[in-house]
Amino acid sequence: MKYVFGPVFSRRLGFSLGVDLVPFKVCSMDCLYCEVGATTEKTLNRAEYVPFDEVKSELSEFLKGNPDIDYITFSGYGEPTLFSRLGDLVKWIKDEFPQFKLALLTNSSLLHRDDVINDVREIDLILPSLDAATDETFKKLNRPVSGLTVNRVVEGILRLKSETESKIWLETLFVRGINDKKEEVERLGELVYKISPDKWHLNTVVRPPAYGVEGLSYEELSEIAKTVNYPNTEIIAKSVAKKRKMPVNELREEIYQIVVRRPCPVDEIADALGVLKEEVESIVEKLEEEGKVKTVFYGGEPYVKGISG
Ligand code: SF4
């Protein structure tokens, strides 16, 4: 499959089937921290960047087996709302496969537009980003297409909030020395309260970024969360998150519930549950002895597979 990938497991979305709606590297921004790489086509022009019919046929192929997934997630190598057939795709999935929930990861740059708001209206969960409270920081960190301002971005997220029924989980990614200063954090906090998302997710740089920037520590992110004090704030940055301490029985049950639905690599399980890889390994070993899971190989990689019943 070229446009559909996964499902992958994450703590935020559970099992999610990804759909790439823009190719490398079409985006309205060129963020310093981007994990995908530097933007080669910076644009606000919507177009059919990937062939609509092919995306539909790949999705159809996968969904007709009625897979056990939590979300179909629109993402891509750049900004997915740049895909001009997004609304058609949403409608088609809702008509043909209404049992599946939809999620969208977006940098919020086009949400101020009527056509985009209409396209995303039926999406169940939207995760818009807002990293800056001032244009100065926005330009430095997100390096948007010329003419795009923080006001525009906030206006778009507010439209999302007032004109759709979608659940909104706002995400802010903090970069050392750029958007972590007290004044910026306070202004960001004001915007978060104004937007009033269902959740506010704090993230930081954890994977190799497109340009040389550094992330914050878990303690620094906690400090920001404390300063803003918004209810329903979560630190989602995986590798800086404190490893959870969970009673073994509970952890055992969670691991089993994940792998009985779909085989998963140990790393992915540990990341998703926010626990140490070694802990997962030792529990998987026990589950294997009890005949509850087994190791299977896909593309040469080991996956833990649950045995039901
Ligand atoms: S908006 Fe997302 S895809 Fe685009 S440059 Fe920023 S991080 Fe990368």
Side-chain angles (χ1 to χ4, degrees), residues 3 5-6 8 10 12-13 16 18-47 49-50 73-84 86 103-113 116 119-120 123 125-157 160 168-176 178-180 184 188 191 195 197 201-216 236-240:
Y3 306 105
F5 64 93
V8 288
S10 69
R12 278 206 293 183
L13 295 176
S16 136
V19 190
D20 276 337
L21 296 180
V22 276
F24 185 87
K25 173 59 204 319
V26 179
C27 196
S28 49
M29 299 184 188
D30 185 18
C31 305
L32 294 178
Y33 59 77
C34 187
E35 295 171 356
V36 180
T39 298
T40 50
E41 189 180 338
K42 205 193 282 188
T43 181
L44 272 180
N45 290 335
R46 302 189 81 201
Y49 289 103
V50 294
T73 304
F74 302 118
S75 57
Y77 290 102
E79 170 51 34
T81 58
L82 287 170
F83 180 58
S84 56
L86 178 61
L104 167 73
L105 303 173
T106 174
N107 67 14
S108 320
S109 58
L110 287 96
L111 297 173
H112 59 276
R113 292 173 49 147
V116 176
D119 282 0
V120 305
I123 296 179
L125 172 63
I126 301 186
L127 299 98
S129 287
L130 177 70
D131 300 331
T134 59
D135 282 322
E136 196 192 335
T137 307
F138 189 40
K139 280 192 184 138
K140 210 163 159 189
L141 177 59
N142 302 108
R143 299 150 38 103
V145 72
S146 141
L148 187 62
T149 60
V150 168
N151 275 348
R152 261 286 143 90
V153 168
V154 173
E155 179 198 329
I157 305 174
L160 198 61
I168 297 171
W169 295 355
L170 184 71
E171 176 173 336
T172 302
L173 191 144
F174 287 94
V175 172
R176 182 172 304 287
I178 301 188
N179 61 346
D180 60 339
E184 185 83 26
L188 265 169
L191 292 175
I195 292 166
H201 285 163
L202 271 56
N203 204 351
T204 192
V205 187
V206 291
R207 297 219 179 97
Y211 304 90
V213 285
E214 262 181 56
L216 305 189
I236 57 151
K238 280 185 196 161
S239 57
V240 299

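Atoms within a ligand are numbered from 1 in the order they appear, just like the ligands themselves. Just the heavy atoms: all of them, side chains too, but no hydrogens, waters or symmetry mates, feed the values below. What you see is a predicted model, and the numbers here were worked out from it, not measured in a lab.
- Within the sub-2.8 Å shell of atom 8 (Fe) of ligand 1, the protein contributes these N/O/S atoms: Cys34 SG.
- Defined by atom type and a distance below 3.5 Å, a donor-acceptor pair is present between the side-chain atoms of Asn107 and Ser109.
- Checking Glu184 against Thr137 by side-chain atom types alone, a donor-acceptor pair falls below 3.5 Å.
- With sequence neighbours excluded, the residues satisfying side-chain contact (heavy atoms from CB on, under 4.5 Å) with Ala38 are Asp30, Tyr211.
- None of Asp131, Thr204, Asn203 except one satisfies the side-chain hydrogen bond (donor to acceptor under 3.5 Å, both in side chains) rule with Tyr33; the exception is Asp131.
- One N or O on the side chain of Thr39 and one on the backbone of Met29 form a donor-acceptor pair closer than 3.5 Å.
- Counting non-hydrogen atoms of other residues, nucleotides and ligands closer than 6.0 Å to CD of Glu35 gives a total above 12.
- In this structure, atom 4 (Fe) of ligand 1 has a protein heavy-atom contact shorter than 4.0 Å.
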